[in-house]
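Comments concern the structure below.
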Amino acid sequence: MMLVCGITFAQAQAQIKFDKTTHNFGSFSETNNVQKCTFTFTNAGNKPLVINQAVASCGCTVPQYTKTPVKPGEKGTLTVTYNGRGRFPGHFKKTITVRTNGDPAMLRLYIEGTMTEAEKK
């Protein structure tokens, strides 16, 4: 009986599923150095999902996410803004670590792109 209750309890939890885990901005000019993308996620579990924290690997990358609990079957968003001002042109790849109350408890999202040097006049 205790084993059945334990298995039932373990299965009752939030579960985060992102539509994608990587976004590539492609090439963009350093004159247009602020880029944004949105990751959409679904709570595939049966308990409310809460993102406790989203931390970027660099100060040039700022994540903003749904702060309220996401009910089972509903969607939320995590928007990432990359600001290349003051950065050297070239390829970049940044990581956003997401911590939740669900399964998985921690996962990583990635953004990348290539900022090209502005044309000299």
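On a predicted model such as this, the values are computed, not experimentally measured, just so you know.
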Review point. Counting only heavy atoms not in K94, do more than 12 fall under 6.0 Å of its NZ?
Key: yes
Expected list for residues 54-63: side-chain donor-acceptor pairs under 3.5 angstrom, two or more places apart:
from: S57; atom 1: OG; to: T95; atom 2: N; distance (Å): 3.1
from: S57; atom 1: OG; to: T95; atom 2: O; distance (Å): 3.4

Point to revise | Proximity of F41 and Y65 rings by center, below 6.0 Å | key: no
Check your understanding: Mind checking whether Q64 and L78 have side chains closer than 4.5 Å, heavy atoms only?
Key -> no
**Study point:** Interatomic spacing from CG in N52 to CG in L49 - rounded to 0.5 Å
**Key:** 9.0 Å
Revision key, fill the gap. Sorted by chain and number, sequence neighbours left out, side-chain contact (heavy atoms from CB on, under 4.5 Å) with P69 holds for P48, V50
Check your understanding: Could you give the distance from CD (Q13) to OG1 (T100), rounded to the nearest 0.5 Å?
Key -> 8.5 Å
Check your understanding: Quick one: side chain to side chain donor-acceptor pair (under 3.5 Å) pairs with a partner in residues 66-75, sequence neighbours left out?
Key -> T42-K75
Check your understanding: Step by step, would you call I111 with L109 a side chain to side chain contact (heavy atoms under 4.5 Å, CB included)?
Key -> CA-CA 7 Å; I111 61 166; L109 303 174; over 6 Å; no
Please tabulate, one pair per line, all N/O donor-acceptor pairs under 3.5 Å involving side-chain atoms of residues 29-39, not counting sequence neighbours.
from: S29; atom 1: OG; to: T31; atom 2: N; distance (Å): 3.1
from: S29; atom 1: OG; to: T31; atom 2: OG1; distance (Å): 2.9
from: E30; atom 1: OE2; to: A118; atom 2: N; distance (Å): 2.8
from: N33; atom 1: ND2; to: E30; atom 2: O; distance (Å): 3.4
from: Q35; atom 1: NE2; to: N32; atom 2: O; distance (Å): 2.9
from: T38; atom 1: OG1; to: T79; atom 2: OG1; distance (Å): 3.2

Practice item. Using the salt bridge (Lys or Arg N to Asp or Glu O under 4.0 Å) rule, collect all pairs that involve residues 97-118, keeping only residues at least two apart or in two chains. Key: E117-K120
**Study point:** Y110-V80 co-clustered via ILVMFWY side chain contacts under 4.5 Å
**Key:** no
For residues 15-28, tabulate all N or O donor-acceptor pairs below 3.5 Å that involve a side-chain atom, not counting sequence neighbours.
from: D19; atom 1: OD1; to: T40; atom 2: N; distance (Å): 3.2
from: K20; atom 1: NZ; to: H23; atom 2: ND1; distance (Å): 3.0
from: N24; atom 1: OD1; to: G26; atom 2: N; distance (Å): 2.6

Practice item. Using atom types as modelled and distance alone, determine if a side-chain donor or acceptor of N43 lies under 3.5 Å from a backbone N or O of A14. Key: no
